[in-house]
Amino acid sequence: MTITAVGEALHWVLDNGDVAARIGGDEFAVLMAADDAATVRALQTRLEQRLRVIGRPVTVGWVHHEPGYSGTLESLIVESDLTMLSLKRSNPGF
């Protein structure tokens, strides 16, 4: 049920041209073009508001880089995972 709810939430908050994919288990990746970190934070807020209806804790790892970033998709996913783990450790209720 949670995986379906996350997929539906992503569908509602993403704009045309944004891409979301389930990458394994209960993990999703979202790729989007954003002019600045504020745009990413706005998406994060909308998604977290939508996910509250699930009734189960959901932790989201986020990463944002400026244009010209030379890392790989894999490095972005690793960085996002580290952010998510840090959030989980700082909130023992998860």
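Computed from a predicted model, the values in this text were never measured in an experiment.
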Does any part of the side chain of [Y], heavy atoms only, come nearer than 4.5 Å to the side chain of [X], both counted from C-beta?
X: L76; Y: H65; value: yes
X: L14; Y: L43; value: yes
X: S75; Y: T72; value: yes
X: E27; Y: D81; value: yes
X: V63; Y: Y69; value: no

- Query: Is there a path of hydrophobic side-chain contacts, each under 4.5 Å between heavy atoms of I, L, V, M, F, W or Y residues, that connects M84 with L87?
  - Reply: no
- Any link between L85 and F28 through a network of hydrophobic side chains (Ile, Leu, Val, Met, Phe, Trp, Tyr) touching at under 4.5 Å?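 No, because L85 and F28 fall into different hydrophobic clusters, even though each may have its own neighbours under 4.5 Å.
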Quick check: closest heavy atoms across [X] and [Y], and the distance to 0.1 Å?
X: M32; Y: T39; answer: CE-CG2, 4.2 Å
X: V40; Y: A34; answer: CG2-CB, 3.7 Å
X: R50; Y: A9; answer: CG-CB, 3.5 Å
X: S80; Y: G61; answer: OG-O, 2.7 Å

Measuring from [X]:[atom1] to [Y]:[atom2], what's the distance to the nearest 0.5 Å?
X: Q49; Y: Q44; atom1: CD; atom2: CD; result: 11.0 Å
X: T83; Y: E79; atom1: OG1; atom2: CD; result: 6.0 Å
X: L51; Y: R46; atom1: CG; atom2: CZ; result: 12.5 Å

- Item | Verdict with supporting geometry, L31 and L73, side chain to side chain contact (heavy atoms under 4.5 Å, CB included) | CA-CA 9 Å; L31 299 175; L73 178 58; 3.8 Å; yes
- What residue among V30, D18, V19 forms side-chain contact (heavy atoms from CB on, under 4.5 Å) with L10?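 Only one of V30, D18, V19 forms a side-chain contact (heavy atoms from CB on, under 4.5 Å) with L10, namely V30.
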- Query: Short question: side chain of S86, backbone of L82 - any donor-acceptor pair under 3.5 Å?
  - Reply: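 Looks like no, no N/O pair under 3.5 Å.
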